[in-house]
Amino acid sequence: MQHKIGVIRGDGIGPEIVAEAIKVLDAVAAKYSHSFEYTEILMGGASIDACGVPLTDEAIAAAKASDAVLMGSIGGDAKTSPWYKLPPEKRPEAGLLGIRKALGLFANLRPAYLYNELKEACPLREDIVANGFDMMIMRELTGGLYFGERGTEERDGLVTAYDTLVYNENEIRRIAIRAFDIAMKRHKKVCSVDKANVLDSSRLWRKVVDEVSADYPEVECSHMLVDNAAMQLVKDPAQFDVILTENMFGDILSDEASMLTGSLGMLSSASLNETKFGLYEPSGGSAPDIAGKGIANPIATILSAAMMLRYSFDMDDEALAVEGAVKKALKDGYRTGDIMPAEDISGIIQTDTKGMGDCIVERLA
Ligand code: IPM
Ligand code: MG
């Protein structure tokens, strides 16, 4: 059976890291006798340059015609790139928000896992991460503040801007169900993060999560306020299994969690709708400062490709093989610059984007 993969190489380091993920997918295809067919899709800054807008109807149609989409990263340097002279709805980020909405990708999975080998790259004290951590951040991706009514207008003679945080019960229920389903396959704990001491949307969130929780008696469900969650993540990250939260809180907490894994370059992600379709992208940005240098860490993108194998193609063995190969490359001492330890450690070898991709391909069991 042939699997159709849409490829959004994107901007900045995007093309470099996507090339390594495709190299790994091709190695998987050869080893396990699969056939992956790739279709290039333009989005973000690259689409602005070619088509004048960050997301075209053709791009959406091409994504919909694929079984899954692999994406690098989009966007440029906000200070220097001409893309940021455009109105907000024409900038690269609008393309990403637009494709998530157009494809109904409401469930964003961001696994944050501390590899034993990267403990030195973790900014937390050794005793705090002695037992590592392994959490899945489930971020609602097509509602909330990023999609609510917004505007800038004059009120009482003052320029006034507003954004609204809106959720209906169905939007909360479907992401909650996903989170509990995933918790059932993990350590059976869901911590729902909100700001229910202040926000109405959070109070509804909490109520619906409790209703869903009643259908999963085996899963331990707790609630935590988002400010406390930000603190608990650095105090005791091992307490978390699945973190379930709304769009903006998830955006912020997932960046925080990514740093705990050693680097933003380690955090993969999957954005899923009701079907098997998914868009897979590293959680980090386009890193314009190092674009074109060939030194970016491709691991988050390669791990995102592994998530594609698991969630869109039901290829669990293949996904495990890729994850195992990443682990082995780290164990054998290979590091890109972002995860190099501060002091000299014998057996640690610095490599670049391509070198890391090759190391991982060589270790596919
Ligand atoms: C992310 C990014 C995006 C988001 C931006 C680029 C719109 O920060 O995927 O976390 O906020 O969702
Ligand atoms: Mg973000």
Side-chain angles (χ1 to χ4, degrees), residues 8-14 17-18 21 42-48 53-55 59 63 69-79 81 83-84 86-112 135-148 150 163-165 167 171 175 193 226 229-230 233 243-261 263-273 278-289 291 296-297 300-301 303-304 307-308:
I8 300 173
R9 293 181 193 263
D11 311 317
I13 58 170
I17 53 183
V18 166
L42 284 180
M43 210 261 280
S47 173
I48 297 175
V53 288
L55 179 66
V69 173
L70 178 69
M71 193 188 120
S73 49
I74 51 107
D77 187 326
K79 283 207 191 93
S81 163
W83 301 328
Y84 296 91
L86 297 166
E89 67 282 4
K90 296 229 164 108
R91 292 180 195 162
E93 288 73 11
L96 181 55
L97 294 174
I99 201 168
R100 288 173 179 167
K101 194 71 171 178
L103 301 172
L105 305 172
F106 66 89
N108 184 219
L109 282 59
R110 297 187 166 182
M135 70 186 95
M136 176 70 90
I137 299 183
M138 299 277 305
R139 167 186 177 195
E140 200 292 326
L141 203 58
T142 52
L145 210 46
Y146 294 8
F147 291 94
R150 71 184 60 189
D163 300 275
T164 44
L165 204 178
Y167 273 107
E171 292 170 315
I175 183 82
V193 171
V226 62
L233 269 176
I243 292 182
L244 161 64
T245 192
E246 66 91 42
N247 203 341
M248 184 176 69
F249 298 160
D251 188 17
I252 297 170
L253 293 180
S254 61
D255 266 27
E256 185 186 356
S258 76
M259 255 338 275
L260 305 183
T261 68
S263 161
L264 203 47
M266 293 301 296
L267 202 71
S268 55
S269 95
S271 304
L272 309 174
N273 61 19
L279 183 142
Y280 300 84
E281 51 165 322
S283 300
S286 59
D289 52 322
N297 185 348
T301 320
L303 291 174
S304 301
M307 292 183 90
M308 171 188 290

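Positions are given from 1 along the sequence. Each ligand, and each atom within it, is numbered from 1 in the order the structure gives.
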Which heavy atom of the protein is the closest neighbour of [atom], given with residue, atom name and distance?
atom                    : answer
atom 1 (C) of ligand 1  : R110 NH2, 3.4 Å
atom 12 (O) of ligand 1 : R100 NH1, 2.6 Å
atom 8 (O) of ligand 1  : D251 OD1, 3.3 Å
atom 6 (C) of ligand 1  : E93 CG, 3.7 Å

Checklist entry - Using a heavy-atom cut-off of under 4.0 Å, does the side chain or the backbone of M248 touch ligand 1, or both, or neither? => result neither

Next on the checklist: For the 3.5 Å polar cut-off, considering only N or O atoms, please tell me whether S283 and ligand 1 meet it.
Outcome noted: no

Item to check | D251: its N/O/S atom lying closest to the Mg ion (ligand 2) (atom name) | outcome: OD1

Counting distance only, does the side-chain N/O of [X] pair as donor-acceptor with the main-chain N or O of [Y] below 3.5 Å?
X    : Y    : answer
D11  : G45  : yes
S286 : G75  : yes
T245 : V193 : yes
R9   : G72  : no

Checklist outcome for this item: Counting from 1 in the order shown, the ligand 1 atoms closer than 4.0 Å to a non-hydrogen atom of Y146 are 11 (O)

Next on the checklist: Could you report the tightest heavy-atom contact between L105 and T142, atom names first, then the distance?
Outcome noted: O-CG2, 3.4 Å

Checklist outcome for this item: In short, G285 meets I13 closest at the heavy-atom pair O-CD1, 3.8 Å

Next on the checklist: Under 2.8 Å from the Mg ion (ligand 2) - does any N, O or S atom of D255 fall there?
Outcome noted: no

Next on the checklist: Quick check: do N108 and E140 have side-chain heavy atoms less than 4.5 Å from each other?
Outcome noted: no

